[in-house]
There are 2 protein chains.
Amino acid sequence: MLSHPGRLSLAYFLVLIVMGTVLLILPATSRDGQPTDFNTAFFTTVSALSTCGIVIVDTAEYWNLFGQAVILLCIQFGGLGVMTFASLITMTISRRIRVTQQLLAADELGASKLSEVRSVINVVLICTFSVEIIAFSMLFPALLRLNEGQMSQSLWEAIFFAVASYNNAGFTPDTAGLYINSWSVGLPILLSAFVGTLGFPVILNVFQCAHRRQGPKRWNLHTKLTVVTTMSIVTTSLLWFLSVEWNNTTLFHNADLSSKLWHALVAAVMPRSAGFDISWMPHVSEQTKLFMSWIMFIGGGSASTAGGIRVTTFAVLILVCRAAFLRRKDDSVFGKRLHTQTVIMSVAITATCSILIYVASLILLTITNRSLTDIVFECCSAFGLGGYTLGVADPSNPGTLYVLAALMVIGRLGPMTVAYAISKPQPPQAVRYPAESIIVG
Amino acid sequence: MLSHPGRLSLAYFLVLIVMGTVLLILPATSRDGQPTDFNTAFFTTVSALSTCGIVIVDTAEYWNLFGQAVILLCIQFGGLGVMTFASLITMTISRRIRVTQQLLAADELGASKLSEVRSVINVVLICTFSVEIIAFSMLFPALLRLNEGQMSQSLWEAIFFAVASYNNAGFTPDTAGLYINSWSVGLPILLSAFVGTLGFPVILNVFQCAHRRQGPKRWNLHTKLTVVTTMSIVTTSLLWFLSVEWNNTTLFHNADLSSKLWHALVAAVMPRSAGFDISWMPHVSEQTKLFMSWIMFIGGGSASTAGGIRVTTFAVLILVCRAAFLRRKDDSVFGKRLHTQTVIMSVAITATCSILIYVASLILLTITNRSLTDIVFECCSAFGLGGYTLGVADPSNPGTLYVLAALMVIGRLGPMTVAYAISKPQPPQAVRYPAESIIVG
Ligand SMILES: [K+]
Ligand SMILES: [K+]
């Protein structure tokens with residue numbers, strides 16, 4: 001099983017989906033004490049496990065404390081699972097490449113595997129709980145003040161927000177999502193969600209460099225690329241909301257400047273994968289829906305709690321374009337060259353995901369009467385784990401739920417994991433074919 | 001100039017755009033004898049030169065014989081120009097790669113360049129006129145019968161259809177486009193348009209192999225890839241129209257089977273770039289609009305009269321996906337390996353074109369009230385030179401005309417040509433940076 005992290009990952013999520021669905025069907029998890037229908041329980045479980053956050057029933061109103069706890073556990077196990085498996089798969093792939101190159105059998109390296117796996121899991125756990133505890137300790141006093149001293153409610157909300165924000169899950173334990181609009185609660189959530197989108201390899205590398213008193217120049221290529229691309233996307237997004245939606249009265253409730261800036265910042269950071277504060281979503285313009293679809297499609301960092309094709313994948317594509325336009329032979333950045341294998345992987349991931357979104361959109365166009373803007377938005381939100389919804393996920397039309405649930409699962413696992421889980425590993429090719437030129441473009 | 005085919009190509013099209021626009025503004029080219037407004041003349045010239053075929057005034061009703069002749073010359077020079085320049089640019093690029101590898105100065109190879117250019121132009125001319133003459137000789141008798149013996153009208157229509165079909169221009173000299181529905185006229189147009197989308201390198205290679213009595217197995221990789229991908233796309237498209245639009249009464253006017261099959265075949269072949277018989281276009285379903293957008297985005301063969309990212313580019317992306325999913329080191333097909341440079345080029349072209357369509361859609365969403373389906377369709381039709389219109393190109397909203405005209409020009413020249421025309425060639429890189437792994441996906 002350990003030699004097949006793709007299958008292990010699929011099995012892990014399947015087992016958790018079944019467990020979560022069964023628990024949420026039980027009358028004990030809903031406020032009204034009635035059993036929940038299968039579709040709602042299944043969709044909510046998938047949405048929580050994939051840390052997507054699209055909901056069809058209100059989390060605080062529909063589920064009781066037990067139900068919310070099930071959702072929170074799904075979020076936590078989903079987030080931990082994906083970070084661990086993403087790392088294991090990366091390890092396996094890079095090892096397999098090395099192995100193929102050296103023409104060695106794959107199992108020769110099996111000896112040290114178990115200890116490596118253990119250390120990855122340890123690092124993931126330490127990273128996750130550190131950020132969550134910091135977020136909790138900032139959120140609890142703020143919530144206690146807002147809730148006028150109600151200890152148990154504040155405690156539960158602080159735990160929930162701390163876990164949900166780092167895991168970018170977008171579920172909220174209070175109905176209106178109003179707390180987000182308060183700086184004292186909103187800022188810790190925003191920061192924790194932002195750290196979550198970077199991915200634990202980046203957090204680890206930044207922390208290690210800081211520990212060794214090394215500046216950003218000594219960060220590794222992955223960290224540099226992730227941070228620069230993330231910053232570019234957030235800045236673009238911030239500028240977009242400040243310009244295109246500046247006069248949208250629904251989005252920017254109050255006229256004063258600081259409030260507008262805060263809302264634009266939330267709007268710029270959250271859609272990348274967090275998905276909190278969804279109240280203003282249906283009021284944005286058509287072009288903003290299309291813009292946000294793109295942001296959600298890119299998503300966050302690799303081995304992070306965010307989804308999408310990942311920022312590094314997008315960065316590689318941009319670097320390939322730059323190399324081609326400047327007629328360079330290599331794709332280099334920050335004084336380093338990219339491996340051809342990295343380029344191939346990025347292309348395959350982006351192409352597969354685009355085709356996936358395209359096919360899902362075609363299906364949803366057929367089974368609903370919604371506009372393409374709404375459908376593309378909802379597909380990107382499901383696949384990129386954005387967690388926003390325009391109501392295309394419709395309990396009265398179960399087909400939409402299953403299409404979107406499939407997108408969430410693939411978005412969470414990543415198309416490569418799914419493909420690796422189903423496909424048989426091929427033996428190294430014995431023949432290398434001669435190259436021949438073709439004309440493209 | 002010859003060492004910069006990109007700039008030469010840009011200059012060629014700019015000069016022809018100016019000349020065509022001036023001629024079409026003149027009162028002498030319109031039926032009503034009034035000067036035509038600049039926007040209409042400019043848009044029609046760009047549409048004809050790029051062999052796109054989106055029109056905002058009816059070709060047969062608005063323009064007189066002189067006007068139609070100007071349009072026909074634009075189509076002919078546009079088609080010839082792009083085939084020639086595409087080949088010259090490919091030659092330059094492949095030479096530059098070779099040169100860079102051998103670390104030679106670029107001008108050392110200048111000696112034989114002029115003769116090579118001359119032979120490319122000869123081949124393009126021979127290919128073009130052969131197909132056009134064959135199409136003409138099939139169309140003339142058929143049109144003569146349909147026009148009840150009117151010699152001069154049939155002659156003009158046969159010439160026009162012969163040139164417009166091979167160049168995939170989609171302009172038609174008769175108002176209703178009804179002739180397409182007759183087998184005797186429709187089939188030569190369909191075949192000629194299909195041959196046009198293959199591109200002259202494919203036509204040449206197939207002809208050479210046939211001459212040497214060699215079967216398809218001896219075709220070169222470019223021909224094999226183009227033919228197989230083209231056939232797959234046409235078959236998919238045919239199946240789509242036969243299934244999804246089977247009960248669309250507007251699309252399939254008559255109930256009988258042979259008529260349905262013929263319409264589906266036209267619908268499957270034409271949108272790839274030809275754009276004739278546009279009457280049924282506004283009546284297709286939303287999902288068919290999205291499907292056709294994809295078909296038009298891919299377009300036809302390289303160095304052909306069709307547009308889009310080209311079928312070989314699309315095929316390379318699919319091969320990259322296959323290699324990544326099967327964990328193969330090389331992208332191989334038909335017993336040949338693809339050059340890394342080919343992959344880089346395909347990725348850069350597809351990514352740039354996608355971003356282009358995305359940005360154009362954002363602009364059109366902002367300046368019009370049309371739905372995203374219609375806008376994406378029209379953008380893909382302009383960029384992929386499909387020639388269909390849903391009326392997003394609106395003379396009363398000149399902004400739409402300029403956005404679409406820009407897409408046509410870039411779609412015709414290809415984004416690489418435009419980039420090469422503007423960018424300075426870089427000296428071969430002296431330093432090769434060390435490679436570093438990053439995590440993607
Ligand atoms: K989310
Ligand atoms: K066309």
Side-chain angles (χ1 to χ4, degrees), chain A residues 90 94 100 201 221-222 225 286-287 290-291 294 302-303 309-310 312-313 316-317 320-321 323-330 332 335-337 339-340 342 344-349 351-352 358 361-362 365-366 371-373 414 416 419 423 425-426 429 432-441, chain B residues 90 94 100 201 221-222 225 286-287 290-291 294 302-303 309-310 312-313 316-317 320-321 323-330 332 335-337 339-340 342 344-349 351-352 358 361-362 365-366 371-373 414 416 419 423 425-426 429 432-441:
Chain A
T90 311
S94 53
T100 314
L221 184 59
H222 179 74
L225 259 191
E286 292 290 291
Q287 56 267 40
L290 192 58
F291 176 77
W294 173 67
S302 295
I309 58 168
R310 316 295 192 253
T312 37
T313 313
V316 169
L317 291 187
V320 169
C321 288
F325 282 130
L326 296 179
R327 305 177 220 187
R328 283 194 191 147
K329 236 182 127 265
D330 288 330
S332 53
K336 301 278 182 187
R337 187 160 48 85
H339 283 294
T340 309
T342 309
I344 299 284
M345 213 66 140
S346 305
V347 174
I349 289 166
T352 317
Y358 179 81
S361 300
L362 276 182
L365 261 185
T366 311
S371 75
L372 184 60
T373 337
M416 296 314 286
S423 79
Q426 303 250 322
Q429 277 162 294
R432 192 164 199 221
Y433 295 113
E436 185 173 330
S437 287
I438 61 166
I439 318 173
V440 293
Chain B
T90 311
S94 54
T100 315
L221 184 59
H222 178 74
L225 259 191
E286 292 290 292
Q287 57 268 40
L290 191 58
F291 176 77
W294 173 67
S302 296
I309 58 167
R310 316 294 191 254
T312 37
T313 313
V316 169
L317 291 186
V320 169
C321 288
F325 283 129
L326 296 180
R327 306 178 217 184
R328 283 193 191 148
K329 236 183 126 261
D330 288 331
S332 54
K336 301 279 182 185
R337 190 159 46 85
H339 283 293
T340 309
T342 308
I344 299 284
M345 213 65 141
S346 304
V347 174
I349 289 166
T352 317
Y358 180 81
S361 300
L362 276 182
L365 262 185
T366 311
S371 76
L372 184 61
T373 338
M416 297 313 286
S423 79
Q426 303 248 323
Q429 278 162 291
R432 193 163 199 220
Y433 294 114
E436 184 173 330
S437 286
I438 61 168
I439 318 173
V440 293

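All values below were derived from every heavy atom in this structure, side-chain atoms included, with hydrogens, water molecules and symmetry-related copies excluded. Every value quoted in this text rests on a predicted model; they were computed, and no experiment measured them.
- Contact annotation for B:T366: both backbone and side-chain heavy atoms come within less than 4.5 Å of a heavy atom of chain A.
- The two residues A:F291 and B:L362 come nearest to each other via the heavy atoms N-CD2, 4.2 Å.
- Closest approach of B:V320 to A:I344, counting heavy atoms only: CG1-O, 3.7 Å.
- Heavy-atom distances place no part of A:S371 under 4.5 Å from chain B, backbone and side chain included.
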